[in-house]
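Worksheet: one structure, shown below.
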Amino acid sequence: MSGRPDLFEFEGISLTHFFTDNWENVKNFKARPDDILIATYPKAGTTWLSEIVDQLYFGGIEGCKIPIYERVPFLEICGAGFQPGTVAADNLPTSPRLIKTHLPVQLVPKSFWEQNCRVLYVARNPKDTIVSFYHFDRMNQIQPEAGPWEDYIDKFNSGKLVFGSWYDHVQGWWDQRESYPRMLYLFYEDMKEDLMGEISRVCSFLGLSLSEKELQRVTGLTTFEVMKENSMADYSSIGVLDQSISPFMRKGTVGDWKNHFTVSQNEAFDEEYKQRMGKSTLTFRMEI
Ligand code: A3P
């Protein structure tokens, strides 16, 4: 792998070429009515929710012998040794297809809406998202360099990270619920607080009825501790991730930001956050 990719503006969003090289195919992707789209801003718990939904549908059959990024293709990725996400999705042998995206809502291929696909969105509080993204950018060789921590919060606030502004992302998807009822908006903090309860909500939304025992099985398999030891969920087979710098399954907690933000960084962030999110009906818990 030679060098880190540049960040540039594409359709108004900061991206790298790994997410734009296949754009025509992404834009024209043909969704099927039973496709399930798992959408997030990076580091919100995408892999966690993907593993849960995959376990709900396919657990115990072949799913657990295939890495999560193959079971749940990443729609817009292209290059770096990955099959283009659109091709991987089309080649999925299973149904329903579970498809991951980090795209802001306005860039999602329109056929997902036309086909009335079920959409799951998970959001995570911004402070923990920043910390998780920072460590991810340090270890992921196909992301722009993280740079110094002191500058990272500003990059986040100005949307200069891959997939653009967190504020616009979480709010855009939140607003989408008004006009698109086949969508469930989840929070990382709720999943952490009551995993089985949130998995039950996901089941109801997907129209699945699981026995108590089955629900317990999926909950047990998707705790942080178990997923960290699961080589099919921890991205250990991906060469571009240098897990000696920081593991993909890093901490999996709410409130790790307290170990990173200084008092003044925290005060400045709270001020910015209040100005931008103060009037929103979307609220986040920075601790549980
Ligand atoms: P941390 O870096 O804070 O540990 P994504 O899959 O969207 O890239 O998100 C990755 C983040 O989700 C990482 O956060 C990772 O540890 C956390 N995560 C993954 N599986 C988890 C689980 N089962 N429970 C809690 N957190 C999990």
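Whatever order the structure lists them in is the order used to number ligands and atoms, beginning at 1.
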Going by the order shown, which atoms of ligand 1 are within less than 4.0 Å of some heavy atom of [X]?
X: T47; answer: 5 (P), 6 (O)
X: T222; answer: 23 (N)
X: T223; answer: 23 (N)
X: M249; answer: 16 (O), 19 (C), 20 (N)
X: M227; answer: 20 (N), 23 (N)

Students should be able to answer this: which protein heavy-atom is nearest to [atom], and at what distance?
atom: atom 7 (O) of ligand 1; answer: T46 OG1, 2.4 Å
atom: atom 15 (C) of ligand 1; answer: F248 O, 3.9 Å
atom: atom 8 (O) of ligand 1; answer: K43 NZ, 2.8 Å
atom: atom 13 (C) of ligand 1; answer: S132 OG, 3.7 Å

Please confirm whether F10 and H17 have ring centers closer than 6.0 angstrom.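 No, too far apart.
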
Polar side chain donor-acceptor pair, T101 to E76, under 3.5 angstrom: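 The answer is yes; a qualifying pair exists.
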
Counting only heavy atoms, which portion of D128 has something under 4.0 Å from ligand 1: side chain, backbone, both, or neither? neither

Under a 4.0 Å heavy-atom limit, does A44 contact ligand 1 with its side chain, its backbone, both, or neither?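 Answer for A44: backbone.
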
Given R124, H102, R250, which has its nearest heavy atom closest to atom 11 (C) of ligand 1?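 The nearest heavy atom belongs to R124.
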
Polar contacts were defined as any N/O atom of the residue lying under 3.5 Å from an N/O atom of the ligand; does this apply to [X] and ligand 1?
X: P42; value: no
X: K251; value: yes
X: Y188; value: yes

Residue that, paired with L49, satisfies side chain to side chain contact (heavy atoms under 4.5 Å, CB included) out of I38, T40, V72, D54: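 Only one option passes, and that is I38.
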
Per the side chain to side chain contact (heavy atoms under 4.5 Å, CB included) rule, which among N125, L282, V170 passes with F187? L282

Parallel under 30°, tilted from 30 to 60°, perpendicular over 60°: which one fits the rings of [X] and [Y]?
X: W149; Y: F261; result: perpendicular
X: Y180; Y: W113; result: perpendicular
X: Y273; Y: W166; result: tilted
X: Y152; Y: F133; result: perpendicular
X: Y69; Y: F82; result: perpendicular

Would you say I199 and L195 make side-chain contact, with heavy atoms under 4.5 Å? yes

Report yes or no: does H135 have a heavy atom closer than 4.0 Å to ligand 1?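 H135: no contact with ligand 1 (<4.0 Å).
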
